[in-house]
Amino acid sequence: MTVETRLDAERSLADDVLDGLTRPFKELAPKHFYDAHGAELFDQICEQPEYYPTRAERSILVAGSADIVARTGVGELVELGSGTAEKTRVLLAAMAAAGTLTRYVPVDVTEHMVQRTAGELVEEFPGLRVEGVVGDFEQHLDAVPAPEDGVPRIVALLGGTIGNFIPGSRRSFLRSIAELLRPGVDHLLLGTDLVKDPAIIEAAYNDAAGVTAAFNRNILVVLNRELDANFDVDAFEHYAFFDREREWIEMRLRATHRMDVRLEALKLDVSFAAREELRTEISAKFTRERLAHDMAAAGLELREVLTDDDGLFALSLSARPG
Ligand code: SAH
Ligand code: TRP
């Protein structure tokens, strides 16, 4: 097992925050949610009754993994934003059962998650090579090891993470993923949440137990700690709504009153007007057309779309025409 670190986490946070908090509409990059506590809160979100995406995606993997392995002959899995790789194990087990499993490459910004996941998986799958990358998947895909001759690869992006990109960046990101795929040999496995009754979507991002709210506010805790800032975390309310025109969820933090905040490490003062909102994340929802359109724009061919029984979520396989 190896883990290669590419990320300068401190610089990345400082640059992103300086950029985001000086914009006319303030925003923060969602990759900074996932410190140790944030990662824990995210795992708890996945277990909330309202948060259907994880259960739906898992059920698709349970029902479809053997078929995905048979169709693609996959021996190597590269997973972007791997987190705890909870659901990934279903696919790895199907690869092991088919006798094709050789290598797993988890890529994540959160160092301890890559370390932990890599360590657990070498134990769980004897003989599996795990080569982890701690890095930003928007910048460090060159750290992903080269594919091996005769070993078909799947690059997986699960959990609806692709929805966290705004549409333009989504396309360029998909294009950079496509470069990891050999035409006619490798596949992209993409998990996307589907457009549905807005009430169901909004509930998923406003769980009654308040875990999503705590997760959202945790980004301010990260800023206080890492950038020596003095956000009054409790003075920001979690706010998530479905934008019906753009068909995406927006997560925001709303200042309950007027505030001045100092980020000492950036020598930056920012002020918030009463009720001013800070955008922390979007989560785009997909239709089949949107999926096909994005893939085509990235030079990929959509080959198969699998959904759960309730039609909540989709897992799709795409490839570069070869
Ligand atoms: N794949 C898991 C986790 C999804 S949460 C699942 O489906 O449940 C999103 C994950 O992507 C987190 O682990 C987070 O640390 C990681 N992530 C977010 N932005 C990233 C970036 N720019 N580069 C690398 N990893 C990122
Ligand atoms: N990729 C997940 C999603 O879009 C991440 C997520 C779930 C999330 N709940 C959140 C991000 C709340 C920020 C705030 O569904």
Side-chain angles (χ1 to χ4, degrees), residues 5-7 9 12-13 16 27-48 50-58 60-61 77-91 105-114 116-117 132-141 143-144 156-165 169-170 173 176-177 189-194 201-207 210-219 222 238-242 248-253 279-286 312-313 315:
T5 300
R6 278 300 180 86
L7 191 70
S12 154
L13 178 69
D16 287 351
E27 59 183 313
L28 290 170
K31 65 179 175 232
H32 304 300
F33 277 120
Y34 301 88
D35 66 332
H37 185 52
E40 223 169 84
L41 287 169
F42 181 71
D43 276 352
Q44 285 178 36
I45 288 177
C46 294
E47 287 164 15
Q48 296 309 302
E50 299 93 338
Y51 195 73
Y52 62 84
T54 307
R55 282 187 302 277
E57 189 176 38
R58 165 181 284 278
I60 303 170
L61 281 167
L77 187 62
V78 176
E79 183 174 18
L80 308 180
S82 41
T84 55
E86 224 9 82
K87 290 164 289 183
T88 315
R89 286 165 165 83
V90 177
L91 185 57
V105 181
V107 181
D108 205 287
V109 273
T110 308
E111 166 144 35
H112 80 271
M113 287 219 264
V114 177
R116 196 178 89 186
T117 302
V133 177
V134 179
D136 184 332
F137 53 46
E138 289 189 78
Q139 292 172 52
H140 304 122
L141 288 186
V144 171
L157 182 65
L158 304 180
T161 300
I162 190 67
N164 302 141
F165 288 82
S169 329
R170 188 163 84 212
F173 180 54
S176 69
I177 294 180
L189 181 68
L190 187 69
T192 45
D193 194 11
L194 297 173
I201 303 179
E202 284 181 345
Y205 295 85
N206 288 289
D207 63 279
V211 184
T212 299
F215 179 68
N216 199 3
R217 279 197 285 261
N218 183 59
I219 202 164
V222 172
H238 166 72
Y239 173 49
F241 67 98
F242 186 63
W248 70 41
I249 272 273
E250 260 191 60
M251 235 82 61
R252 296 183 179 181
L253 288 167
R279 185 189 296 124
T280 52
E281 173 129 296
I282 67 157
S283 185
K285 307 306 168 192
F286 289 75
L312 298 172
F313 201 90
L315 255 192

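First listed ligand is number 1; within each ligand, the first listed atom is number 1.
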Donor-acceptor under 3.5 Å ([X] side chain, [Y] main chain):
{"X": "T280", "Y": "M251", "value": "yes"}
{"X": "E79", "Y": "A156", "value": "no"}
{"X": "D207", "Y": "I45", "value": "no"}
{"X": "N164", "Y": "I282", "value": "yes"}

Q | More than 12 heavy atoms of other groups within 6.0 Å of R116 CZ | A | no
**Q.** Stepwise side-chain contact (heavy atoms from CB on, under 4.5 Å) test for K31 and D16
**A.** CA-CA 10 Å; K31 65 179 175 232; D16 287 351; 3.2 Å; yes
When you pair each N or O of ligand 2 with protein N or O atoms, which pairs come out under 3.5 Å?
from	atom 1	to	atom 2	distance (Å)
ligand 2	1 (N)	N164	OD1	3.0
ligand 2	4 (O)	N164	ND2	3.1
ligand 2	4 (O)	Y205	OH	3.4
ligand 2	4 (O)	S283	OG	2.6
ligand 2	15 (O)	Y51	OH	2.6
ligand 2	15 (O)	Y205	OH	2.5

Q.
If you define the side chain from C-beta out and look only at heavy atoms, does anything of F173 sit under 4.5 Å from I162?
A. yes
Q. Do R6 and Q139 have side-chain heavy atoms sitting under 4.5 Å apart?
A. no
**Q.** Proximal protein residues to ligand 1, non-hydrogen atoms under 4.0 angstrom
**A.** K31, Y34, F42, E79, G81, S82, G83, K87, D108, V109, T110, M113, G135, D136, F137, L158, G159, T161
Q. With a 6.0 Å cut-off on ring centres, are Y34 and F215 close enough?
A. yes
